[in-house]
Colleague: 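I am attaching a structure below and will ask some questions about it afterwards.
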Amino acid sequence: MKTQKTNNQKANLKAITILPVILMVLSVLISCSVSKKTVKTSSRPGEEEPYVVVEEMPMFPGGDSTLLAYIAQNTHYPEKAKLNQIEGKVIVRFCVNATGNVDRISILKGVNAELDAEASRVVATLPSFKPGRQSRKDVPVWYMVPIAFALK
């Protein structure tokens, strides 16, 4: 009898100890789920602030595979980088503005000055995208693309 009473007390103590932890985990899960928020970043004075995520992301004519094929076809390996056998992946960020044109090109992860400059040049030649949309309105959206430089 005494053993059963001790076991019940231990079970109750465990439940009381675990209950706040379970409630805290549930509250965190509830607060993090369901709501999909639109995120914007800071912008230049007088320009609309580009979004990071929108209801409809910008679309390159033909899709992402066509975008990567365009970049691969139009990228020229800089001679200086070839001579020095420099390889790597450049991450380029740019804004697809509300008209679908590319602007605000920047290098997020560079490899070397020549490769970074070539990646920026190629992105500047991209044809117009279908612009991103938020609340049925064309809006500027940040876009990132990796450009791999590898010697054969």
Colleague: To the nearest 0.5 Å, how far apart are CE in M57 and CZ in R133?
Modeller: 14.5 Å
Colleague: What residue among I86, D116, L115 forms side chain to side chain contact (heavy atoms under 4.5 Å, CB included) with P78?
Modeller: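 Testing each of I86, D116, L115 against P78, the sole residue satisfying side chain to side chain contact (heavy atoms under 4.5 Å, CB included) is L115.
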Colleague: If you compare all heavy atoms of T66 against all heavy atoms of P61, which two are closest, and at what distance to 0.1 Å?
Modeller: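 Looks like CG2-O, 3.5 Å.
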Colleague: Measuring from atom NZ of K89 to atom NZ of K109, what distance do you get when rounded to the nearest 0.5 angstrom?
Modeller: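 These two atoms lie 7.5 Å from each other.
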Colleague: Roughly how far, to the nearest 0.5 Å, is CD1 of I105 from OH of Y143?
Modeller: 14.0 Å
Colleague: Taking atom CE of M144 and atom CZ of F94, what is their separation to the nearest 0.5 Å?
Modeller: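 Between atom CE of M144 and atom CZ of F94 there are 10.0 Å.
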Colleague: Of all the heavy-atom pairs spanning P146 and L68, show the shortest one and how long it is.
Modeller: O-CD2, 4.3 Å
Colleague: Measuring from R93:CZ to R104:CZ, what's the distance to the nearest 0.5 Å?
Modeller: 9.0 Å
Colleague: Going by heavy atoms in the side chains, are L67 and L126 under 4.5 Å from each other?
Modeller: yes
Colleague: Taking all non-hydrogen atoms of both residues into account, name the closest pair between S120 and I107 and its distance.
Modeller: OG-CD1, 3.4 Å
Colleague: For P140 and E49, work out which heavy atoms get closest and say how close.
Modeller: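 The pair with the smallest heavy-atom distance is CG-O, 4.0 Å.
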Colleague: Out of the candidates K80, E87, K82, only one should pair with N84 under the side chain to side chain contact (heavy atoms under 4.5 Å, CB included) rule; please name it.
Modeller: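 With N84 as partner, K80, E87, K82 yield a single side chain to side chain contact (heavy atoms under 4.5 Å, CB included), made by K80.
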Colleague: Just wondering, do V52 and V141 contact through their side chains at under 4.5 Å, heavy atoms?
Modeller: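 No, every pair of side-chain atoms sits at 4.5 Å or beyond.
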Colleague: Any donor-acceptor pair under 3.5 Å linking the side chain of E118 with the backbone of H76?
Modeller: yes
Colleague: Quick one: does any side-chain atom of E55 pair with a main-chain N or O of S135 as donor and acceptor, under 3.5 Å?
Modeller: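 Yes; at least one donor-acceptor contact below 3.5 Å.
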Colleague: Checking side chain to side chain contact (heavy atoms under 4.5 Å, CB included) against F149, which of V90, N112, V111 comes through?
Modeller: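 When side chain to side chain contact (heavy atoms under 4.5 Å, CB included) is applied between F149 and each of V90, N112, V111, only V90 qualifies.
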Colleague: Please report the shortest heavy-atom distance between T125 and Y70, naming the atom on each side.
Modeller: O-OH, 2.8 Å
Colleague: If every non-hydrogen atom of V54 is compared with every non-hydrogen atom of G132, which pair is closest and at what distance?
Modeller: CG2-CA, 4.4 Å
Colleague: If you define the side chain from C-beta out and look only at heavy atoms, does anything of I147 sit under 4.5 Å from V123?
Modeller: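 Answer yes - side chains close enough.
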Colleague: Atom SG of C95 and atom OH of Y51: how far apart are they, to the nearest 0.5 Å?
Modeller: 11.5 Å
